[in-house]
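Submitted below is the structure of interest, expressed as C-alpha cells.
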Amino acid sequence: MWKIKGIAASAGIAIGEIMHMQEAVHDFCRQVDASQTPAEKERFYSAQQAAEKELEILQERTAATMGEQQAEVFAAHKLMVTDPSFVEVVLNHLDNQASAEAAVEDAANEIAAMFAGLDSEYMQERAADIKDIGKRLVRILQGGTAEVNYTGILAAQDLLPSDTAALDLNCVSGFITALGGKTSHSSILARAAGIPAVVGVGSALEKLKNGDTVVVDGHVGEVLVNPEEDVLSDYRLRIKNEQERAALLASVGHLPSETTDGHHIELACNIGTPGDMEKVIAAGAEGVGLFRTEFLFLDKTSVPTEEEQVESYKAVLAAMPDKKIVIRTLDAGGDKQLPFIGGLPEANPALGLRAIRLCMVYQDVFKTQLRALLRASVAGNLHIMFPMIATVDELLNAKALLKEAAEELTQEGVPFKSDVAVGIMVEVPAAAAIADILAEEVDFFSIGTNDLVQYTMAADRMNEHVAYLSDYFQPPVVRLIGNVAKAAKKAGKWVGMCGEMAGDPLATPLLVGLGLTELSMNGRAVPVVKHRIRQLDIKQTEKWADDILGLRTAADIKKRLEEIASAYEI
Ligand code: PEP
Ligand code: MG
C-alpha cells in the first residue's frame, strides 16, 4: 500500500477501482487556407449555438438533480460562450487563418492563462470555466457527443463542470483530481452530490493505474492505493458506520433543537467568511454564534475599507435576516498576525498585544470596523462580540468606542439599529472570575474554550508537548464554565459557547446541565449535537453537571460523560 496526499475537497470515504477519464484527442488541422476562413467562421458560429443548447440542457438537468444553485455554473457558461471578449479573440485567430478548433482552443487557453495569473483564488478558478468552454466547442466542432460512462473512482487532471454534469453520479463513488482546490467547481459539485473527493494531488495522479483499488478519504484528503485486506475492512466498517449515522442524522436535520422536556438549546455555527452561510443553512443551524472577522483581514495587504466590511457583514446578516448573528470584532495578533497592524516582536504573543488589546492600540482600525458593523445592523439581527476581554475597563473602553461610532453615524445621518446586543467572549480566566461584574455590562457571554483552556492550564494551544493539558474536560475549565453560567443566569443574561467544546457531543449533557442555552460549532457537528439534545432531560442534565463539578480529573469527567453517552443511540 502507498498513500497520496491531496486536499480534502468533499468529506466521506469511498472504496473502488480507479478509472482514468479520457482526455479529448486534439487531432485537428490548425491552419487553413485564407479562402476557407469564412467557412471556418460559420463552423464556429454553429458550434457556438450547439454549445448554448447543450448548456441549457445541462443547466435544466443539474437543476433537477442537484438544485438551482449548482446549475448556475452552466448559465454562466452560456454567457461566456457568447461573451464579446472571448468571441473577439476567437475571430482574431480565425482572421489569421486558424481552423475553428485551433481558434477556439487558443482563445480559451489565452483567456484562462490571464485569469490564472490574477491574484485571486476566485478568478483562478474561473480559468477552469473558460477552458471547459473551449473543450466543449472543440468537441462539438469535431462532431463528438457529450455522453460519458464512468464507474468507480474517477481520476482526472481536473473535472470541469460539464464533465461532472455529464457523469452518472450513481456509478461514480469518488473523485481524485491532479488540479483544483476546495473552491473549484469539481469540489463544489462533489460536495453537493455527497461524493468523497480528494483534489490537487498533482503528478501523483499519473502513478495511479486503471484497476488499482483505492480508498478515497475525503475527510483528511488522502488516497490509499492498493491497501491490504485489513485496512480495507477497517474502511468498509467506517463507511457502514457513516451511512448509518448519516441516515439517522438526516432525520433530525431540521427538527427543533429541544430537550425531551421542551427546553430550547440554540444551535448556531462558527463561520469565517460570508460564503460559509450556505453551509450554516444546510446544517439546520439557527444562526451564527461566531463570525471570526479576522479572516476578512488576513489575506489582505491593507485594512479592508469600511464599505468592503459593510458589504461582508450585511451579506451574513441578510442570509438569515431573522436569526441571531454574532459577529466578533477583530481578533488579530497572537497566532493571527496581520501585516498592517501590530507585528511587533513579542516573547509571548499569546499573552501579548492580541484581539481587544491590539484594537485599543489601533483605534482607527477598530472604529472603522465598529462603524461598518453598525451600518450593517439594518440588514438583520446583529450581536457584536468583543474578544479576549479580561477586565471591566477593557469592556467599557470598547463600548465607549462603539458609542462614539454610533454618534458619528447619527451625525452623518447614516441609518443603523440603536439596540444592537453587545457581548463578550469569555476566554480569559480573569473574565470568568469576574463574570458577575462583567454580566452587568453585557447582553450575553460566549465562552471560547480554545483560549480558555490555553490560559487556564497555562498550556500553549499550538504546543504539542503540553497537549495533555489542553483538554476542555480539565476540572478547572469545567468549573470556570459553571461559574460563568451561574453569573449570567443570576444577571438574566444568556450564555453560549463558541469554542470547540460546543461541537463535541460528549460534552453536550454537561454544557446543557451547566445552563448554557446556545452552542456554536462547525456545520457538520450541528445534527450530531442536535440529536443528543433531543434525547436529554434538563433536570437530569443538571444533576449530572452537579456531580461532574465534583470530579477530580479530566479522565474522571470523560469517563462519566462516556457512561452517560452510552445510553444514547449515537
Ligand atoms: C476560542 O478561543 O474558543 C475561540 C472560539 O476563539 P478562537 O478559536 O478564534 O481563538
Ligand atoms: Mg479565542
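All ligand and atom numbering here is 1-based and tracks the order in the structure. These values consider heavy atoms only, across backbone and side chains, with no hydrogens, waters or symmetry-generated copies.
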Atoms of ligand 1 close to Glu427 [distance to a heavy atom under 4.0 angstrom, numbered from 1]: 1 (C), 2 (O), 6 (O)

Arg354 near ligand 1 by a heavy-atom separation under 4.0 Å: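 It does; at least one heavy atom falls under 4.0 Å.
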
Verdict with supporting geometry, Leu511 and Thr541, side chain to side chain contact (heavy atoms under 4.5 Å, CB included): CA-CA 9 Å; Leu511 300 178; Thr541 62; over 6 Å; no

Short side-chain donor-acceptor distance under 3.5 Å, Tyr472 and Asp504: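 Result is yes, a qualifying pair exists.
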
Arg461 heavy atom under 4.0 Å from ligand 1: yes

Thr259 and Asp261: side chain donor to acceptor below 3.5 Å: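 Asp261 and Thr259 do have a side-chain donor-acceptor pair below 3.5 Å.
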
For Leu290, the ligand 1 atoms whose distance to one of its heavy atoms is below 4.0 Å: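 Answer, ordered by atom number: 5 (C).
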
Side-chain donor-acceptor contact under 3.5 Å, Gln369 with Thr293: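 The criterion, which ignores hydrogens and geometry beyond distance, is satisfied for Thr293 and Gln369.
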
Heavy-atom gap Met425 to ligand 1 smaller than 4.0 Å: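 Within the 4.0 Å threshold, so yes.
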
Asp331 near the Mg ion (ligand 2) via N/O/S, less than 2.8 Å: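 Checking the Mg ion (ligand 2) against Asp331, no N, O or S atom falls under 2.8 Å.
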
Side-chain donor-acceptor pair present, Asn397, Glu394, cut-off under 3.5 Å: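 Glu394 and Asn397 do not have a side-chain donor-acceptor pair below 3.5 Å.
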
Minimum-distance N/O/S atom that Asp451 presents toward the Mg ion (ligand 2):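 That would be atom OD2.
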
No-hydrogen, no-angle side-chain donor-acceptor test under 3.5 Å, His219 and Glu242: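 Present: a donor and an acceptor within the cut-off.
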
Ligand-side contact atoms (ligand 1) for residue partner Cys498, heavy atom cut-off under 4.0 Å: 5 (C)

Atoms of ligand 1, numbered as shown, that sit under 4.0 Å from any heavy atom of Arg292: 4 (C), 5 (C), 6 (O), 7 (P), 8 (O), 9 (O)

Other residues, nucleotides, ligands: >12 heavy atoms within 6.0 Å of Lys279 NZ: no

Distance-only donor-acceptor check, side chains Gln474 and Tyr468, under 3.5 Å: no

Closest approach to the Mg ion (ligand 2) by Glu427, given as the N, O or S atom name: OE1

Sub-4.0 Å heavy-atom approach of Glu500 to ligand 1: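 Glu500 does not count as a contact of ligand 1 under the 4.0 Å cut-off.
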
Minimum-distance protein heavy atom relative to atom 6 (O) of ligand 1: Arg328 NH1, 3.0 Å

